[in-house]
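One structure, as structure tokens, below. Some questions next.
First the proteins, then the strands, lettered A, B, ... as listed; each starts at 1. Treat the numbers as computed from the prediction; the structure is a model and nothing was measured. Only heavy atoms go into these numbers, but all of them, side chains included; no hydrogens, no water, no symmetry mates.
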2 protein chains.
Amino acid sequence: MISLRDVAKRANVAVSTASAALNGTRPVAAETKQRIESAAAELGYRPNVLARGLVSKRTRILALHYPAPASGFGLTEMQFATGAAAAASELGYHLLLSPDNADPLEELRYLTGTGLLDGVLLMEVRLDDARVELLTAQNVPFALIGRTRRPEHLWFADIDFARLGADVAGHLTGLGHRAMAFINHTGAAYAGEYGPVVRIGQEIAAAAKEAGMSYADGFDADTAEQGRAALHDLLDAHPETTAVTVFSDQAAVGVLAAVEDRGWRVPDDLTVVMVLTSAQVAAMFRPQLTTLEPPSLELGRRGAQMLIEQLSDETAGPPPGGELVPCRLVIGDSSTTPRDDKGVRA
Amino acid sequence: MISLRDVAKRANVAVSTASAALNGTRPVAAETKQRIESAAAELGYRPNVLARGLVSKRTRILALHYPAPASGFGLTEMQFATGAAAAASELGYHLLLSPDNADPLEELRYLTGTGLLDGVLLMEVRLDDARVELLTAQNVPFALIGRTRRPEHLWFADIDFARLGADVAGHLTGLGHRAMAFINHTGAAYAGEYGPVVRIGQEIAAAAKEAGMSYADGFDADTAEQGRAALHDLLDAHPETTAVTVFSDQAAVGVLAAVEDRGWRVPDDLTVVMVLTSAQVAAMFRPQLTTLEPPSLELGRRGAQMLIEQLSDETAGPPPGGELVPCRLVIGDSSTTPRDDKGVRA
DNA sequence: CTGTTAGCGCTTTCAA
DNA sequence: TTGAAAGCGCTAACAG
């Protein structure tokens with residue numbers, strides 16, 4: 001391994017001068033600097049990040065912490081990692097994957113205690129998340145992908161749920177729908193503690209009301225079987241419904257099956273819109289589903305960028321309200337104008 | 001930060017004794033050891049991995065290197081990372097994500113030169129992959145997820161393609177099919193250099209022949225439009241075909257559309273089997289597609305485990321033939337017995 | 001069995 | 001403008 005000493009020797013200077021020249025930490029005569037730089041290049045010198053980190057207390061390494069969900073990750077979750085890694089890399093940082101095996105807090109406590117990390121990016125944030133308290137107490141810089149119940153003083157990047165609600169309502173009223181329903185995730189996997197499930201429920205309801213639509217919910221589903229039953233129950237209770245918005249893509253499989261059960265067709269007899277499902281997955285359904293695609297890559301990117309910004313500028317506070325990123329409306333073949341005469345479809 | 005010195009001081013011993021007691025590097029009197037351990041626990045001591053790595057030359061950090069595909073990662077690719085991170089974590093290692101921005105080799109050269117890594121796990125391996133030469137030359141321990149054209153002396157974990165071919169042929173002949181076709185990826189994105197595309201083509205052809213089936217290929221497709229055209233061309237050229245195997249899930253969307261174009265139904269008029277598509281994605285199609293699910297998590301796990309094994313046992317050579325992991329056959333509603341009378345379906 | 005000593009490769013005072 | 005020296009926190013000889 002080529003060390004700074006080797007470079008210094010070859011350039012006939014002291015290590016401290018070589019260090020200064022390469023880092024620009026103090027003025028070095030142009031000619032000397034030149035000599036040091038060529039020596040470094042010729043030898044293929046790479047600074048040892050361990051030694052550097054040991055003294056400077058900065059490693060340019062961030063950890064991405066994710067409690068492994070029982071259900072296994074979907075495409076969406078994994079895109080966070082891809083986006084965060086890409087953004088970190090562009091800014092000269094590296095991303096360490098930190099899955100928690102048993103005890104999420106212990107893992108985090110250990111990792112932050114080893115001096116390896118400059119900061120932590122938290123995924124799968126709960127409305128009340130113990131990791132936030134831990135990192136705050138330990139004074140470790142961190143940022144969230146998602147947010148807690150009260151994220152006022154935190155750095156976070158999350159979906160713009162209010163806008164998502166407005167976009168769904170806007171798309172549907174634009175087509176002429178007056179009565180919509182929403183099939184949410186049950187949130188059972190998170191004991192009602194999962195932000196997206198809670199927020200999306202609130203915002204879609206609010207937006208429907210705002211748009212003057214009639215609105216039904218409470219028919220939640222996570223699986224195909226549940227989705228099928230949910231749609232039947234929903235239509236029995238609210239036969240006026242002409243458009244259904246669905247969160248879970250597994251549930252959507254069941255929703256389409258239920259439509260078929262009734263001898264109906266999508267979109268003629270019922271408009272179906274997905275929410276927080278990637279366009280790639282939505283395109284796999286027949287008919288292709290209209291979806292509000294989650295900005296997963298972007299959320300990962302923004303999370304990493306915010307964390308790095310926080311690291312570079314100690315004085316900066318988090319942006320008020322965090323960074324809210326909109327979803328993209330990708331129109332498929334599952335949404336259209338409602339039938340005037342509802343009787344036709346039965 | 002609590003250092004070993006603090007622990008030593010509190011236990012009234014020298015730092016080296018504290019180090020020895022905590023690491024078991026040399027015998028320490030039971031009573032002394034006890035005192036040191038409680039001191040460490042009381043202070044909440046965590047070893048500084050930078051300092052440790054600096055002297056021991058081992059960091060227990062692995063990098064996962066992946067050339068970012070323009071198209072963005074699918075679920076399969078990301079599962080490699082999840083599996084590798086989980087296995088590494090279980091064995092006391094950490095996984096660093098290393099996306100390559102511009103020059104894959106430069107990124108790798110830099111990373112391995114910094115002293116941060118114990119080894120590298122390579123994803124998206126080409127049949128001829130320059131990274132392999134680089135790491136070999138630099139004498140950096142590495143393992144592959146996938147494999148090169150000649151992987152004889154390398155550590156790698158890959159799909160058992162021969163078995164995959166046999167499983168497809170076995171499933172189809174078991175149902176009574178005698179004539180199958182295969183719609184491969186075009187491999188255009190990799191200029192024919194992508195192992196799975198090449199190997200799967202060879203092995204499915206071989207297995208079909210072995211099983212005494214008639215076999216057609218050369219109708220490759222990556223997108224829905226291409227898949228639709230491919231199936232039409234294929235059936236025009238080989239009307240005897242009763243079962244089609246498809247690699248790309250985008251192409252599968254088109255294949256199903258083409259079946260519909262003809263007024264046919266899956267599986268009654270045509271059996272469709274996916275290959276290397278996750279069950280989760282296959283379940284999203286109507287009808288649910290039968291698939292040979294890639295063992296992505298397992299490949300990631302095995303890759304990481306092999307790399308760590310190599311690290312722990314310097315003398316060990318790679319397992320001959322690497323680790324070949326089978327795919328899992330997940331039967332959906334898209335495969336069934338062929339019609340006796342082919343005329344019926346037209 | 002335990003303490004002393006010497007670095008690992010780097011940054012950072014402090015003198016010259 | 002440059003060099004010498006100290007030290008980050010740890011491990012690994014080597015004495016005792």
Side chain of A/Ala29 only, heavy atoms from C-beta on: which candidate in D/dC10, C/dC10, D/dT2 is closest?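 Of the options given, the side chain of A/Ala29 lies nearest D/dT2.
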Partner set under salt bridge (charged side-chain N to carboxylate O under 4.0 Å, His left out) for A/Arg5, not counting sequence neighbours: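 Counting only residues at least two positions away or on another chain, A/Arg5 forms no salt bridge (charged side-chain N to carboxylate O under 4.0 Å, His left out).
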For A/Leu108, run the side-chain contact (heavy atoms from CB on, under 4.5 Å) check against A/Leu117, A/Leu135, A/Val140 and tell me which one passes.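 When side-chain contact (heavy atoms from CB on, under 4.5 Å) is applied between A/Leu108 and each of A/Leu117, A/Leu135, A/Val140, only A/Leu135 qualifies.
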Rounded to whole Å, please give me the gap between CG in B/Leu22 and C1' in D/dC10.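 Going from CG in B/Leu22 over to C1' in D/dC10 covers 12 Å.
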Please give, in whole Å, the distance from C/dC8 C1' to B/Asn48 CG?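 Spelled out: CG on B/Asn48 to C1' on C/dC8 is 13 Å.
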Under 3.5 Å: donor-acceptor pair, side chain of A/Asn48, backbone of B/Gly115: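 Not a single qualifying donor-acceptor pair exists.
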What is the distance, rounded to the nearest whole Å, between atom CG of A/Asn12 and atom C1' of D/dT1?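 Atom CG in A/Asn12 sits about 16 Å away from atom C1' in D/dT1.
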Quick one: side chains of residues 14-30 of chain B, donor-acceptor pairs under 3.5 Å with protein atoms, not counting sequence neighbours, listed by atom name and distance.
residue, atom, partner, partner atom, Å
B/Ser19, OG, B/Asn23, ND2, 3.4
B/Asn23, OD1, B/Arg52, NH2, 3.3
B/Asn23, ND2, B/Ser19, O, 2.9

Solution key, residues 84-92 of chain B side-chain donor-acceptor pairs under 3.5 Å, sequence neighbours excluded:
residue, atom, partner, partner atom, Å
B/Ser89, OG, A/Asn101, OD1, 3.1
B/Ser89, OG, A/Asn101, ND2, 3.0
B/Glu90, OE1, B/Arg301, NH2, 2.5
B/Glu90, OE2, B/Arg301, NH2, 3.2

Report the nucleotide, chosen from D/dC10, D/dT1, C/dT11, that has the shortest atom-to-atom distance to any side-chain atom of A/Arg52.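 Among D/dC10, D/dT1, C/dT11, the one nearest the side chain of A/Arg52 is C/dT11.
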How long is the line joining CG of A/Leu50 and C1' of D/dT11, in whole Å?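 For the pair A/Leu50 CG and D/dT11 C1', the rounded distance is 14 Å.
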Looking only at the side chain of A/Leu54 (C-beta and beyond, no hydrogens), which of the listed nucleotides D/dC8, C/dT2, C/dC10 gets closest?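 Among the listed nucleotides, the one closest to the side chain of A/Leu54 is D/dC8.
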Just the rounded figure in Å: distance from P of C/dT2 to NZ of B/Lys33.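 Taking atom P of C/dT2 as the reference, NZ of B/Lys33 is at 11 Å.
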Protein-nucleotide distance (A/Leu43, atom CG; C/dG9, atom P), rounded to Å: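 Spelled out: CG on A/Leu43 to P on C/dG9 is 14 Å.
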CG/B/Asp158 to CZ/B/Arg302 distance, rounded to the nearest 0.5 angstrom?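 Answer for the CG-CZ pair, B/Asp158 versus B/Arg302, is 13.0 Å.
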How far apart are the closest heavy atoms of A/Asp118 and A/Leu311, and which atoms are they?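 Taking every non-hydrogen atom into account, O-CD1, 3.4 Å.
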Are the charged groups of B/Asp128 and B/Arg149 less than 4.0 angstrom apart, N to O?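 Yes.
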Does D/dT11 have its OP1 or OP2 closer than 4.0 Å to a side-chain nitrogen or oxygen of B/Asn23?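 Yes, B/Asn23 has a side-chain N/O under 4.0 Å of OP1/OP2 on D/dT11.
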Is any side-chain N or O of B/Arg5 closer than 4.0 Å to OP1 or OP2 of D/dG9?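 Looking at the OP1 and OP2 atoms of D/dG9, neither is under 4.0 Å from any side-chain N or O of B/Arg5.
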Pairs under 3.5 angstrom, nitrogen or oxygen only, protein versus nucleotides 12-16 of chain D, please.
residue, atom, partner, partner atom, Å
D/dA13, N6, B/Arg26, NH1, 3.4

Would you mind reading off the bend of the helix from C/dC1-D/dG16 to C/dA16-D/dT1 from its two end axes, five pairs each, to 10 degrees?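 Computed from the C1' atoms at both ends, the axes differ by 40°.
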Send over the distance from A/Lys57 NZ to D/dC10 C1', rounded to a whole Å.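 It is 12 Å, rounded to the nearest whole Å.
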Non-neighbouring partners of B/Asp160 that pass salt bridge (charged side-chain N to carboxylate O under 4.0 Å, His left out), sequence neighbours left out: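 Expected list: none.
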Specify the separation, in whole Å, of atom CG of B/Leu4 and atom P of D/dG7.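 B/Leu4 atom CG is separated from D/dG7 atom P by 18 Å.
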